[in-house]
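A short worksheet on the structure shown next.
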Amino acid sequence: MEYPFEKIEKKRQEIWKEQKVFNAIDGSEKPKYYVLSMFPYPSGALHMGHISNYSIADVIARFKLMQGYNVMQPMGYDSFGLPAENFAIQNHSHPRITTDESIEIMAKQFQSIGFGIDWEREVSTCHPDYYVWGQWLFKRMYEKGLAYKKFSFVNWCENCQTVLANEQVEDGKCWRCENPVRQKELKQWFFKITDYAEELLDFSKVIDWPERVKTMQANWIGKSEGTNIHFKLEDSDEIITVFTTRPDTIFGCTFMALPPEHPLVTEWLKDEPNDSKISKFCSKVMNEDKILRTAEDTTKEGIFSKRYAINPVNGKKVQIWITNYVLMEYGTGAVMAVPAHDQRDFEFAKKYNIPITIVIQTPEKDLILKEMTEAYIELGILVNSAQFDGMESTASMQAITDWMAENNMGEYAITYRLRDWGISRQRYWGTPIPVIYCDKCGTVLVPDKDLPVILPINVKLGKTTQNPLLSVEEWVNTTCPQCGGPAKRETDTMDTFVDSSWYYARYTDTKNDREPFAKDKADYWLPVDQYIGGIEHAVMHLMYARFFHKFMRDIGLVSSDEPFARLLTQGMVTKDGAKMSKSKGNTVDPQYIIDRYGSDTLRVFMLFASPPEKDVEWSDEGVKGAFRFLNRVWRLFEENLELIKIATKMHKKEQENKAATNSHELAQKENDLATKGHEGTRRISNEIKELRYSTHFTIKKVLNDIEDRMQFNTAIAAIMEHLNNIYGITELGKLTDAEKVIFSESCAVIPRLLYFFAPHISEELWSMLGNEILVHEAGIPEFNKEFLKKDEVTYVVQIMGKVRGKMEVPVDTPEEDIKKLALEIENVKKHLQGKEIKKIIVVPKKLVSIVAK
RNA sequence: GCGAAAGUGGCGGAAUUGGCAGACGCGCUGGACUUAGAAUCCAGUCCCGAUUUUCGGGAUAGGGGUUCAAAUCCCCUCUUUCGCACCA
């Protein structure tokens with residue numbers, strides 16, 4: 001017989017809903033706990049990844065709820081974006097319709113799984129009551145100079161007809177459709193995330209984030225400290241500034257390298273005939289795919305510009321070369337080349353016969369130019385460097401920079417790899433950028449009173465090569481809010497990462513129609529105490545959200561410095577070793593599993609299969625195993641209900657009598673009852689004592705695994721083990737009264753421990769025992785240290801590291817006696833024959849290690 | 001190339017502080033119940049050896065080291081995954 005999961009799960013969900021168990025209370029007296037899983041993209045229906053993600057969050061939410069926190073676990077939908085637009089096109093529908101349909105299906109599924117979500121805080125980013133505040137935030141960014149428009153080369157995906165952020169380019173390909181990305185120059189909106197580069201590097205205000213994620217963000221920001229050095233052009237007042245992290249090598253600079261995009265090069269080209277070698281070279285390089293051009297194995301090429309710069313430190317003339325290996329985007333867009341001490345410069349100098357000067361010597365043996373086959377890039381002792389000769393690299397960098405600063409040759413500088421965040425998308429399904437272009441007034445923001453700029457619904461979608469919004473003339477053509485004259489709307493929409501950069505804050509006040517959220521509510525709830533999501537968001541989403549949070553702090557919307565205090569990056573769900581995906585055809589529909597085995601089974605399987613941060617490999621048999629386990633629990637209660645009720649009845653009576661004021665006293669009383677006993681209940685068997693130990697050990701283990709270790713698989717394993725221990729007690733009819741109490745308690749604790757992983761069945765069993773309150777209202781179960789003390793402990797006896805025997809001794813046996821006892825074991829004696837005992841090490845309660853020769 | 005993490009039975013994984021390697025689950029093998037299957041229950045399940053309820057040896061990617069004691073700490077090598085990658 002299978003346990004009636006369908007009936008139970010429905011019933012329990014209704015009760016939770018009726019009693020508003022998961023409704024978060026703004027500003028409650030209780031301490032708050034905000035648990036959040038990254039919100040889903042409405043893709044039609046839930047997939048296994050969602051189940052895994054939200055099951056993890058639900059364990060934490062229910063645990064905190066049981067601990068007495070005011071818990072908020074909200075849910076929403078990241079519903080703008082390309083896939084929705086493409087999906088609608090494919091189905092000859094409209095994204096407004098298809099996304100709302102998807103959301104409806106998913107919400108229903110979420111409810112059928114019984115996650116502890118506060119459904120009164122739902123958000124959907126594609127609805128005007130949400131995106132209006134995205135537009136509002138954009139305007140505040142603009143006012144602060146953090147949103148601006150500029151021409152720039154952008155990553156362009158021909159297939160998606162849109163611009164991609166650097167973070168969305170993977171290996172030179174579009175992160176969604178895997179089409180090769182090419183460079184295109186467009187005028188784009190940017191957010192000045194670089195203003196926050198330094199603060200984004202500082203993780204001191206988060207409580208617990210994986211090192212891996214912090215490192216990835218730090219790499220992405222890519223801070224380097226060095227020196228800006230100003231070179232004068234020969235016969236000109238122009239100055240070229242270069243950035244270097246190795247000012248100690250400045251005396252070895254023998255040429256300068258510029259990219260063809262450099263503004264000075266552009267100037268020079270004006271005086272060049274189109275068919276000159278230089279012009280040809282520049283246009284060739286600029287037309288090359290930037291991804292290919294910047295690949296490491298691309299050969300370094302260049303051409304002499306016929307111009308010279310003056311090295312400020314020694315007045316020497318250096319050739320200026322135009323090359324393909326320097327990036328306009330990094331540093332100052334110009335490089336001082338020191339071929340002796342930089343591998344790229346070395347290769348280039350060898351190829352084009354440019355002089356090489358050694359200025360750093362190794363401490364061990366002198367470098368000889370003719371013998372060098374590669375650059376010496378390590379630090380060393382300065383030579384050929386005028387007054388700095390003989391200095392050590394590290395010290396000289398500071399000295400040289402100081403000296404250059406005094407003489408106006410350069411100064412200390414910091415450079416970041418991080419670029420500003422391009423947020424323009426030439427796509428329909430996104431938040432309209434609240435900007436109007438007027439011939440007279442230029443770029444004008446839509447006034448707050450006219451927000452939201454509603455995304456028009458009446459558009460022609462299809463395989464157009466341009467933004468569908470351009471065709472909605474009645475929307476594009478508008479009047480200028482300043483002069484009232486004819487004007488046009490911005491047709492770019494915002495990157496969906498903008499929408500997801502502040503949704504966690506909107507959850508604190510979803511119905512607010514005067515501001516994004518009220519400050520007091522945000523300050524009550526934020527930061528999110530536990531954020532959960534995939535590692536794939538380590539850089540983009542998690543960094544953008546941090547940027548937004550700091551911005552919102554700076555304009556006074558929130559008081560905290562970081563949005564997410566703790567971060568858990570959960571693994572993927574795989575099948576046959578690969579990530580479950582429709583394209584690979586290795587998906588399993590969660591709904592099918594829920595219909596067949598119930599939500600509790602699916603959750604237990606997911607949580608038991610591996611720890612949260614690791615991938616979960618799907619296994620049909622594993623699901624059956626989880627189901628079998630829940631059935632075993634159910635059967636235990638069904639078959640022994642009256643016996644198991646004893647503990648509940650006793651506990652109730654105790655409460656009524658107020659005889660015991662706390663659970664420790666209660667446990668003590670029970671202990672007295674059990675050991676001293678009444679008539680006919682004098683003794684408890686060792687077997688039952690072991691069971692009582694198991695009960696308290698399991699409580700301790702489960703609490704520790706959830707709260708301190710976040711390792712749910714071993715918590716579930718512990719409950720399974722405890723269940724096995726209970727089933728190990730046969731002949732229940734022969735139990736004395738005292739033993740019955742202990743047995744009953746050992747069973748009755750199961751619903752309170754299993755609740756986090758299989759809440760429906762746990763709640764049902766709990767109520768079957770006669771409890772009128774819900775499981776979480778009973779609070780976290782407590783273990784009694786007294787019952788974790790064992791009378792006897794097992795010592796392992798080792799000789800030279802090999803196990804030669806085991807012994808059971810009373811806990812308080814003195815060390816000397818333990819040694820004696822160990823030496824009396826037959827097998828130990830045998831192995832010690834003819835050997836001399838050098839030392840005996842006793843590790844209390846664990847082992848005896850004998851050193852003998 | 002640089003950086004990080006990881007590598008444990010047939011499989012997922014456990015071993016929390018250096019202290020009995022393989023918890024728990026899956027699978028498999030045998031048995032009970034059953035007309036049969038499903039379900040359930042019981043027993044077994046790292047490898048080798050023998051005197052086979054016991055004992056000995058080996059085993060945590062491979063090699064070396066520290067230690068009474070190493071999956072755990074150190075060094076080298078290999079493999080996998082992830083991140084970064086002409087960053088001046």
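Throughout, a chain's letter reflects where its sequence line sits, starting with A, and its residues are numbered from 1.
The only member of M404(A), M409(A), M397(A) that meets side-chain contact (heavy atoms from CB on, under 4.5 Å) when paired with T227(A) is M404(A). Screening D342(A), V318(A), D345(A), T249(A) for a side-chain contact (heavy atoms from CB on, under 4.5 Å) involving M336(A) leaves a single residue, T249(A).
Under a 4.0 Å N-O distance rule, the pair K350(A)/E347(A) does not qualify as a salt bridge. Look at E211(A) and K214(A) and you find a salt bridge, because one of the NZ, NE, NH1 or NH2 atoms lies within 4.0 Å of a carboxylate O, short of that distance. Salt-bridge formation is detected for the pair K701(A)/D705(A): a Lys NZ or Arg NE/NH1/NH2 atom is positioned less than 4.0 Å from an Asp or Glu carboxylate oxygen. In this structure, E815(A) does not pair ionically with K820(A), as no charged nitrogen and carboxylate oxygen lie closer than 4.0 Å.
Because its NZ or CZ atom is not both nearer than 6.0 Å to the ring centre of F627(A) and within 45° of the ring axis, R632(A) does not count as a cation-pi partner of that residue.
K300(A) contributes a side-chain N or O that forms a donor-acceptor pair with the base of C86(B) under 3.5 Å. Between the side chain of K846(A) and the base of C20(B), no donor-acceptor pair under 3.5 Å is found. Between the side chain of K614(A) and the base of U81(B), no donor-acceptor pair under 3.5 Å is found.
Remark: the separation of the C1' atoms in G10(B) and U29(B) is 13 Å, to the nearest Å. Taking atom C1' on both U40(B) and A21(B), the two are 32 Å apart, rounded to the nearest angstrom. Straight-line distance between the P atoms of A14(B) and G63(B): roughly 25 Å, to the nearest whole Å. Using P as the reference atom, A38(B) and G44(B) are 23 Å apart when rounded to the nearest Å. C47(B) and A59(B) have their C1' atoms separated by 7 Å, with the value rounded to a whole Å. Nucleotides C41(B) and A5(B), compared at atom C1', are 44 Å apart to the nearest Å. For the C1' atoms, the distance linking G25(B) with A6(B) amounts to 23 Å, nearest Å. With C1' as the reference atom, A69(B) and C48(B) are 24 Å apart, rounded to whole Å.
Residue I841(A) places its side chain closer to C68(B) than to any other of C68(B), U16(B), A88(B). Distances from the side chain of W220(A) to the nucleotides G56(B), C84(B), U16(B) place C84(B) closest. The side chain of M800(A) lies closest to C68(B), out of C68(B), U16(B), G57(B). Ranking C84(B), A14(B), U16(B) by closeness to the N219(A) side chain, first place goes to C84(B). Here the nucleotide nearest the side chain of S619(A), chosen from A14(B), C26(B), A15(B), is C26(B). Listed nucleotides C68(B), G57(B), C84(B) differ in distance to R804(A); the shortest reach to its side chain belongs to G57(B). Nearest to the side chain of K806(A), among C20(B), U16(B), C87(B), sits C20(B). Side-chain atoms of K701(A) lie closest to U16(B) of the nucleotides C86(B), G57(B), U16(B).
In this structure, the CD1 atom of I799(A) is 16 Å from the C1' atom of G19(B), given to the nearest Å. G13(B) atom C1' lies 14 Å from atom CG of L607(A), rounded to whole Å. The distance from atom CG of D615(A) to atom C1' of G13(B) is 13 Å, rounded to the nearest whole Å.
A side-chain donor-acceptor contact under 3.5 Å links Y330(A) and S224(A). With hydrogens and angles left out, the side-chain atoms of S396(A) and D248(A) include no donor and acceptor closer than 3.5 Å. Between the side chains of Y416(A) and E198(A), at least one donor N or O sits under 3.5 Å from an acceptor N or O. Side-chain atoms of H230(A) and T241(A) include a donor-acceptor pair closer than 3.5 Å. A donor and an acceptor atom, one from each side chain of Q398(A) and Y412(A), are nowhere located under 3.5 Å apart.
Contacts of Q711(A) with the nucleic acid, taken as non-hydrogen atoms under 4.0 Å apart, involve only primed sugar atoms and P, OP1 or OP2. Residue contacts for R212(A): at a heavy-atom cut-off of 4.0 Å it reaches the sugar-phosphate backbone alone, with no base atom in range.
Expressed to the nearest 0.5 Å, how far CZ of F243(A) lies from CG of N228(A) amounts to 7.0 Å.
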Q) What would the secondary structure line of RNA chain B be in dot-bracket form, counting Watson-Crick and G-U wobble pairs under 3.5 Å, with [ ] for pairs that cross earlier ones and | for pairs with another strand? A) (((((((..(((......[....)))((((((.......))))))(((((...)))))..(((((..]....))))))))))))....
So which protein N/O to nucleotides 38-45 of chain B N/O distances come out below 3.5 Å?
from, atom 1, to, atom 2, distance (Å)
U40(B), O3', R635(A), NH1, 3.3
C41(B), OP1, R632(A), NH1, 2.9

Where do N or O atoms of nucleotides 30-33 of chain B meet protein N or O atoms at under 3.5 Å, pair by pair?
none

Quick test: give all pairs of protein nitrogen or oxygen and nucleotides 21-24 of chain B nitrogen or oxygen below 3.5 Å, distance rounded to 0.1 Å.
from, atom 1, to, atom 2, distance (Å)
A23(B), O2', E721(A), OE1, 3.3
A23(B), O2', E721(A), OE2, 3.1

Please write out the pairs of protein N or O atoms and N or O atoms of nucleotides 47-49 of chain B separated by less than 3.5 Å, giving the distance to one decimal.
none

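Judged by closest nucleotide on RNA chain B, E617(A) is the one of E617(A) and S849(A) placed further toward the 5' end. Where F697(A) and G622(A) meet RNA chain B, the nucleotide closest to each residue was compared, and F697(A) sits on the side nearer the 5' end.
Counting heavy atoms from C-beta outward, H262(A) and M328(A) have side chains that approach closer than 4.5 Å. Using a 4.5 Å cut-off on side-chain heavy atoms (C-beta onward), V573(A) and M606(A) make contact.
Taking the six-membered ring where the residue is Trp, Y352(A) and W321(A) present tilted rings, their angle falling between 30° and 60°.
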Q: Could you go through the ring-ring contact (aromatic ring centres under 6.0 Å, His included) check for F697(A) and F783(A) one step at a time?
A: CA-CA 7 Å; F697(A) 180 82; F783(A) 59 90; 9.7 Å; no
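Y597(A) contributes no side-chain N or O that, together with a main-chain N or O of D600(A), makes up a donor-acceptor pair within less than 3.5 Å.
Not a single ring pair (Phe, Tyr, Trp, His ring centres under 6.0 Å) links F281(A) to another residue, sequence neighbours left out.
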